[in-house]
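Heads up: the structure comes next, in structure tokens.
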Amino acid sequence: MTSPRHVTLIDGSGFIFRAFHGLPPMTRPDGTPVNAVYGFTTMLMKLLSESDADHVAVVFDTSRKTFRSDFYPDYKAHRPPAPEELVPQFPLVRDATRAFDVCCIEMEGFEADDLIATYARAAVAQGAKVTIVSSDKDLMQLVGERVQMFDPMKNRVIGEPEVREKFGVGPDRVVDVQALCGDASDNVPGVPGIGIKTAAQLIGEYGDLDTLLARASEIKQPKRRESLLEHAELARISRRLVLLRDDVPLPVAMDQLAVKPVNPETLAAFCAAQGFRSLMNRLNVKAPPVATMAAATPAALPVAPKVETRYELVVSEDALDRWIAEATRAGTVAFDTETTGLDPLRAQLVGVSLSVEPGRACYIPILHSPPQAQGSLDLGGGGPAADTPKILPAKTTLDRLKPLLADPAVLKIGHNIKYDMQILAGLGLVLTSLDDTMLLSYVLDGGAHGHGLDELCQLHFGHANIAFSEVCGTGKAQVTFDRVPLDKALAYAAEDADMTLRLHRLLKPRLLAERMVTVYETLERPLVPVIVEMERAGIKVDRAALIALSEDFGRRLGELENEVIALNNGEVFNLGSPQQLGKVLFETLGLPGGKKTKTGQWATGADVLEELAHLHPLPARLLDWRQISKLKSTYTDALVSQINPATGRVHTSYSLATTTTGRLSSSDPNLQNIPIRTEEGRKIRHAFVADAGCKLISADYSQIELRLVAHVAGIEGLRTAFASGADIHAITASQVFGVPVEGIDSSLRRRAKAINFGIIYGISPFGLAAQLGIPQGEAKAYIAAYFQRYPEIRDYMERTKEEARENGFVTTLFGRKVYTPGIKDKNGAMRAFAERAAINGPIQGGAADIIKRAMVRLPAALKEAGLAARMLLQVHDELVLEAPEAAVEPTIAVVKRIMEAAASLSVPLLVEAGAADNWGEAH
DNA sequence: ACACTCACG
DNA sequence: GACGTACGTGAGTGTA
């Protein structure tokens, strides 16, 4: 480890903005704007090739919230949000940095400038020379004997003379001048009436700011004197704002900044993915062929519904090569896989279809057995075997497809491409550069309709796709796709690829037009590979423990059943039948207070049975029976049967395009509703265990939805409550009921908690009354008291409802649309329902955005920290990871950091994390 | 296929 | 004054 001689620190965030505004718009073949990325990449390339620096880092801002905004909330507060076209470029610039194998440095709570100051000081202390690549005047205070700045856009070095020219004083007095003249763009106040010239003159005369302020009364000009005397404190605050911290703990050690040789292949892959062909030529690496941008850019107009179709069955090497070449030339190809089943871990790849222009597609069979001679049923013309052409060997096909799939310069479009990636991953094939028409539809029209391929084709093109059942049959007669005759397989599979391409041309241009680029590019698309890894990882369950639990539950069900039957005077009935139970309770036993459901049946829900429990012993027994029965059938029995024999783990499937709010959903099995609320249920959670030598880590956001309420609705009382870090429900109780926090008992706290939750759900007196078991009038009074104490919540609710009425949707803080159908329904109940959903939308959806962002960022952060931990599960506000036992502590630190920094709100985000051998104890 | 119930956030 | 309500999911069971 040699000490650095020349350290170059690049102000990444500053550069992005200047490049964005300074360069003409450029887009990638898929429509993503990349002009700032291009500018950054060329700058970095030039710098690395021309500079003699031996240590380099690119430093970024993380969020707006820094230690400065803590003591001066207006600091940089009135900056408009970044332009829509710039947002997707932020992560790409970091990708660019990594493609050069250069360190990205950022730290929550500090600006890039503070980190630069810190590294500069450390470098000088080690005897090195420092170059700061930036033109930001805020960094000029750092210039000195061994520190210079370089403006990469103007190709100009900034040393002491240049600083003097700008500020009229030397670098050591720059902060004093800035403190006086302020900075409108950063909201640094300064002293009113004093500009840069006067400031320089004053500092020149008095030496420094403190002396000037102390002797301000000596100033001759009356206005200037009064202003300085009156605003001395403002000047001191301003100095604190502009003075850079150079004592930040170094997030990355200096020696990590050492320049490494660039791997041309990594760099070429990155450039290819961005469509930077000229840069690849400069790199002297063989560029994967890419079509011209014009040819690859999707047509902006909807595709005519009726296009003549030409579908080709690919059974020769020539034809296969021709299709692959065409896809490569086009730079964009729709892609679909056909398999033997729905479970991607067990299904086998049967064939692949491709499409590069509407109406034209091919199907490449990979695993087709000739239709089995099904006795005498096969009566077709000349017999199937005779006209079944020979298909290419699977290995040939896969070997040829592999480079196409891995080629970052060719965009692969799929519909629910997660599934295809799973299938390919099972064969050791990697798919890079992807788009997903299901996710495009979801971000554009989530909540308006479903996002299945068939549904979308019907909706957008009035086209009915060939039904799967038509090809494979239904029920007992259903066959797997490998048994489908090739002509039918071609018609079905090629149509899917064709339609996927058409949908892409229709939907992708809408992203920019409807301002959904950010949601799609930063939350949805990058999540796909992350989810693929999670699903493939699965989670280990203790089979023996579940079986033992199941047996235990079975015994107790038998006992409870006997008791219930005895209580029904020995009259046998099916405990699982709500209909029979209703008759027993309200007819045979004649218990009072029966309610009917909307279909006229006796209602027998848990709330009803709890009411009845004090009149008769049977309902309580039945509640116990129901609980155990649910646990046994839905969890212990079902989970055991879901264990994948090959991995010994359960692999859920996450749906990315199901919910109306942006949440994920989990199925087959659903691992987002594993019991926890009751003692018996928790035992099931204990059966989710870590692999040998590992621990499970559970990290969950504390009160994320309520924090979002405080932030989105701007509720001052809640914000300060969260900032204090104390028990939020107790504080709410104290504020709403007017009792000091020490006087809050569990009952008051429980009521406050129910109101807090009610707010999230779009509160109503009826709902709150039902939740708390109190009269509606009382609930109404609570709500009134809450509104009184937190008046901003009422504005938020009205504002949100109005937004929904105006647009038909509401939006989350990341810009996701949540549709609110029924908001103008003439039926009052329907409308009220839509209104509550509208109020809930930005809250639940915002929380979903935040955890998605954390999930997208986490894998790289773990990798960067050299940690082998992997994400296994997401449960809306919780992430479950598996980590080697020895690495638990550092893993928790990274997970916490990434999750808490996933959004910067006006309230802190808090993540609580624990580790144990099983999920029950880790939580 | 639908209703009901209940597991989770 | 009555309507029917907490928001978002998925799964198992019974019934038609």
Side-chain angles (χ1 to χ4, degrees), chain A residues 446-447 573-582 595-609 622-623 625-639 641-642 652-655 658-678 680-682 684-685 700-706 709 754-772 776 779 783 810 818 820 825-845 847-848 851 873-878 923:
Chain A
F573 72 102
N574 184 346
L575 277 63
S577 162
Q579 188 194 53
Q580 294 179 32
L581 175 64
K595 293 185 298 186
K596 295 280 180 84
T597 66
K598 61 170 176 269
T599 53
Q601 293 215 22
W602 290 112
T604 67
D607 50 338
V608 175
L609 298 188
L622 203 111
L623 279 172
W625 183 90
R626 276 206 183 144
Q627 193 199 33
I628 305 293
S629 165
K630 174 87 178 178
L631 295 178
K632 182 173 188 296
S633 66
T634 307
Y635 299 104
T636 53
D637 290 352
L639 273 173
S641 73
Q642 299 264 17
T652 184
S653 172
Y654 287 102
S655 169
T658 294
T659 71
T660 52
T661 56
R663 274 190 177 179
L664 302 181
S665 84
S666 154
S667 64
D668 310 300
N670 181 354
L671 295 185
Q672 290 181 322
N673 71 347
I674 299 304
I676 189 168
R677 292 175 187 172
T678 66
E680 289 305 309
R682 266 176 179 269
I684 291 162
R685 223 166 246 247
D700 68 299
Y701 283 108
S702 162
Q703 305 287 358
I704 187 166
E705 294 198 345
L706 204 51
V709 171
I755 310 174
N756 275 335
F757 273 105
I759 294 294
I760 292 168
Y761 298 147
I763 201 158
S764 77
F766 180 95
L768 182 62
Q771 179 66 36
L772 285 174
Q776 218 168 305
I783 295 170
V810 292
V818 177
T820 55
D825 202 290
K826 59 184 192 303
N827 178 332
M830 278 283 281
R831 211 169 49 237
F833 183 74
E835 287 175 355
R836 290 194 300 272
I839 290 164
N840 178 254
I843 302 165
Q844 190 183 118
I851 196 166
L873 303 178
Q874 188 252 41
V875 193
H876 309 310
D877 64 356
E878 175 190 9
H923 199 284

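Note that the structure is a prediction, hence the values are computed from the model and not measured. We name chains A, B, ... by the order of the sequence lines, and we start the count at 1 in each one.
- For the pair A:Y701/A:H876, no side-chain contact is recorded, criterion being any heavy-atom separation below 4.5 Å from C-beta on.
- For the pair A:K596 and A:W602, the cation-pi criterion (under 6.0 Å, within 45° of the ring axis) is fulfilled.
- Heavy atoms of A:G576 sit under 4.0 angstrom from primed sugar atoms or phosphate atoms, though from no base atom.
- Distance noted for atom P between B:dC4 and C:dG4: 14 Å (whole Å).
- Considering only heavy atoms from C-beta on, A:L622 comes within 4.5 Å of A:L581 through its side chain.
- Across all strands, A:A754 comes closer than 4.0 Å to base atoms (heavy-atom distances).
- Between A:L768 and A:I763, some side-chain heavy-atom pair lies under the 4.5 Å cut-off.
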Heavy-atom protein contacts under 4.0 Å, nucleotides 4-9 of chain B, coded B base, S sugar-phosphate only, - none: SSBBBB
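- B:dA3 sits 13 Å from C:dT5 when the P atoms are compared, rounded to a whole Å.
- Note on A:T634: only backbone sugar-phosphate atoms sit closer than 4.0 angstrom, heavy atoms only; bases stay farther off.
- Among the protein residues, A:N827 comes within range of no part of the nucleic acid, since none of its heavy atoms lies under 4.0 Å from any strand.
- Between A:D825 and A:R831 there is no salt bridge, since none of the side-chain N atoms of the basic residue sits less than 4.0 Å from a carboxylate O of the acidic one.
- Within 4.0 Å of A:A848, counting heavy atoms only, lies no atom of the nucleic acid at all.
- Contact annotation: the side chain of A:P669 approaches that of A:L639 to within less than 4.5 Å [non-hydrogen atoms, C-beta and beyond].
- The side-chain heavy atoms of A:T636 and A:L631, taken from C-beta on, include no pair separated by under 4.5 Å.
- Taking the side chain as every heavy atom from C-beta outward, A:S667 and A:T652 never approach each other to under 4.5 Å.
- Helical stems of DNA chain C (runs of at least 3 Watson-Crick or G-U pairs, donor-acceptor distances under 3.5 Å) are listed by first residue: B:1-9 with C:7-15.
- Among the protein residues, A:F833 comes within range of the sugar-phosphate backbone only, with heavy atoms under 4.0 Å from sugar or phosphate atoms but none that close to a base.
- Nucleotides of DNA chain C lying under 4.0 Å from heavy atoms of chain A occupy a range whose first and last members, 5' to 3', are C:dT5 to C:dA16.
- Taking CD1 of A:I760 as the reference point, atom CD of A:Q703 lies at 7.5 Å (rounded to 0.5 Å).
- One C1' atom belongs to B:dA7, the other to C:dC3, and the distance between them is 30 Å to the nearest Å.
- A:N670 has its side chain out of reach of A:Y635: every pair of non-hydrogen atoms, C-beta onward, lies at least 4.5 Å apart.
- Nucleic acid contact for A:D700: none, since no nucleic acid atom lies under 4.0 Å from a heavy atom of the residue.
- Salt bridge annotation for A:E680-A:R626: absent, with no cationic side-chain nitrogen under 4.0 angstrom from a carboxylate oxygen.
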